[in-house]
Amino acid sequence: MDAVLHVEPWLRGTHSETPAVGRAVLHALELALDDLTKWTSGLTNAEVHMQPFGLPTIAFHLRHIARSVDRILGYAEGNQLSAEQMAALKAEQVGSESLAVLLAEVEASFSNAAERVCVLATANFDTPRAVGRKQLPTSLGGALIHVADHTQRHVGQVVTTAKVLVALRQ
């Protein structure tokens with residue numbers, strides 16, 4: 001039986017109607033979802049909430065990925081955080097959701113993000129933007145790219161923690 005060749009999102013020829021920077025962000029989110037689904041498959045709901053060796057829980061990372069995408073895109077759009085976003089940020093460390101619910105939150109976040117990224121991808125990437133209470137300087141393009149790199153950073157932590165959890169079963 002031949003192994004199924006996995007083609008990464010950036011090589012699938014998708015989103016060709018979206019300018020290159022936006023397309024790269026969309027592909028990064030698709031790769032993130034692929035990796036999250038693959039590496040959390042088979043984990044129990046209890047394992048998703050464990051902190052092996054003091055590592056942050058996979059549940060935290062999944063909540064953070066979903067909610068930070070919304071926040072960073074808000075900055076890219078020229079907004080500051082809403083009261084709802086602040087409350088969601090403060091709640092990222094706690095919860096008892098199942099893995100399925102957490103992955104559904106990520107999927108919904110990415111679906112919402114895709115529409116926003118497509119709109120932002122047609123704008124001037126050098127447009128100044130400000131982040132947070134301190135109004136730290138960035139640009140629309142900087143915020144857009146940060147959606148991809150920040151998401152991938154946390155996906156890597158999920159993968160590592162998942163591997164540790166599986167190794168601890170033995």
Side-chain angles (χ1 to χ4, degrees), residues 1-15 18 21-76 81 84-118 120 131-132 142-170:
M1 184 156 132
D2 292 331
V4 175
L5 177 65
H6 176 73
V7 177
E8 289 195 4
W10 69 283
L11 296 171
R12 294 178 189 162
T14 56
H15 308 294
T18 305
V21 171
R23 186 177 334 128
V25 175
L26 295 174
H27 288 151
L29 294 178
E30 289 174 356
L31 181 60
L33 190 57
D34 287 355
D35 285 343
L36 291 170
T37 302
K38 174 184 175 181
W39 291 102
T40 61
S41 178
L43 293 179
T44 67
N45 291 327
E47 286 172 323
V48 170
H49 293 279
M50 289 180 179
Q51 288 188 270
F53 304 107
L55 294 170
T57 67
I58 287 175
F60 159 73
H61 287 295
L62 294 175
R63 281 187 220 100
H64 183 70
I65 289 166
R67 298 169 192 182
S68 66
V69 166
D70 176 56
R71 292 191 295 269
I72 299 166
L73 285 175
Y75 291 132
L81 298 186
E84 294 81 18
Q85 288 171 314
M86 287 299 294
L89 171 63
K90 291 177 182 173
E92 286 177 358
Q93 295 284 351
V94 296
S96 59
E97 309 93 331
S98 68
L99 175 58
V101 167
L102 292 163
L103 288 174
E105 183 179 353
V106 171
E107 218 168 327
S109 171
F110 289 3
S111 178
N112 172 272
E115 296 172 23
R116 296 165 74 186
V117 167
C118 287
L120 291 166
V131 176
L144 196 57
I145 295 301
H146 190 60
V147 169
D149 66 29
H150 182 262
T151 298
Q152 289 296 329
R153 197 174 329 151
H154 282 278
V155 168
Q157 292 184 36
V158 168
V159 171
T160 299
T161 303
K163 288 179 176 183
V164 168
L165 287 165
V166 169
L168 288 173
R169 290 176 180 167
Q170 320 211 358

Enquirer: Closest heavy-atom contact between V48 and T57?
Expert: O-CB, 3.5 Å
Enquirer: Which residues pass the side-chain contact (heavy atoms from CB on, under 4.5 Å) test with V7, sequence neighbours left out?
Expert: L5, L11, R12
Enquirer: Going through the checks in order, is the side-chain contact (heavy atoms from CB on, under 4.5 Å) test met by T18 and V25?
Expert: CA-CA 10 Å; T18 305; V25 175; over 6 Å; no
Enquirer: Which heavy atom of V164 sits nearest to which heavy atom of P52, and what is that distance?
Expert: CG1-CB, 3.7 Å
Enquirer: Determine which pairs satisfy ring-ring contact (aromatic ring centres under 6.0 Å, His included) with at least one residue from residues 147-170, sequence neighbours left out, and list them in order.
Expert: H61-H154, H64-H150, H64-H154, H146-H150, H150-H154
Enquirer: Could you measure the distance from the OG atom of S111 to the CZ atom of R116? Nearest 0.5 Å is fine.
Expert: 11.5 Å
Enquirer: Calculate, to the nearest 0.5 Å, the distance between atoms CE and CG belonging to M50 and L55 respectively.
Expert: 13.0 Å
Enquirer: State, yes or no, whether a side-chain contact exists between L26 and P9 at a heavy-atom distance under 4.5 Å.
Expert: no
Enquirer: When rounded to the nearest 0.5 angstrom, what distance separates CD1 in I65 from CZ in R153?
Expert: 11.5 Å
Enquirer: Within a strict 4.5 Å, meaning less than it, do heavy atoms of the L29 and V147 side chains meet?
Expert: yes
Enquirer: How long is the straight-line distance from CZ of F60 back to CD of E92, given to the nearest 0.5 Å?
Expert: 5.5 Å
Enquirer: Which atoms form the tightest heavy-atom contact between A143 and I72, and what is the distance?
Expert: O-CG2, 3.2 Å
Enquirer: Given side chains that start at C-beta, do those of I58 and L165 come closer than 4.5 Å, heavy atoms only?
Expert: yes
Enquirer: So how far is it from F53 CZ to L168 CG, rounded to the nearest 0.5 Å?
Expert: 4.5 Å
Enquirer: Can you give me the closest heavy-atom contact between A113 and V69, atom names plus distance?
Expert: CB-CG1, 3.6 Å
Enquirer: Just by modelled atom types, is the A59 backbone N or O under 3.5 Å from a matching donor or acceptor in the E97 side chain?
Expert: no
Enquirer: With a cut-off of 3.5 Å and sequence neighbours excluded, list every side-chain donor-acceptor pair involving residues 35-43.
Expert:
from	atom 1	to	atom 2	distance (Å)
T37	OG1	L33	O	2.8
T40	OG1	L36	O	2.6

Enquirer: Would you say that L81 contacts Y75 through its side chain, given a criterion of any heavy-atom pair below 4.5 Å between the two side chains?
Expert: yes
Enquirer: If the condition is side-chain contact (heavy atoms from CB on, under 4.5 Å), which residues does T44 pass it with, not counting sequence neighbours?
Expert: A46, E47
Enquirer: Of all residues at least two apart in sequence or in a different chain, which pass the side chain to side chain donor-acceptor pair (under 3.5 Å) check with T14?
Expert: H27
Enquirer: Considering only residues two or more places apart or on different chains, which pairs with a residue in residues 99-111 satisfy salt bridge (Lys or Arg N to Asp or Glu O under 4.0 Å)?
Expert: R67-E105
Enquirer: Shortest non-hydrogen contact from R23 to H15?
Expert: NE-O, 3.2 Å
Enquirer: When rounded to the nearest 0.5 angstrom, what distance separates OG in S109 from CZ in R71?
Expert: 9.5 Å
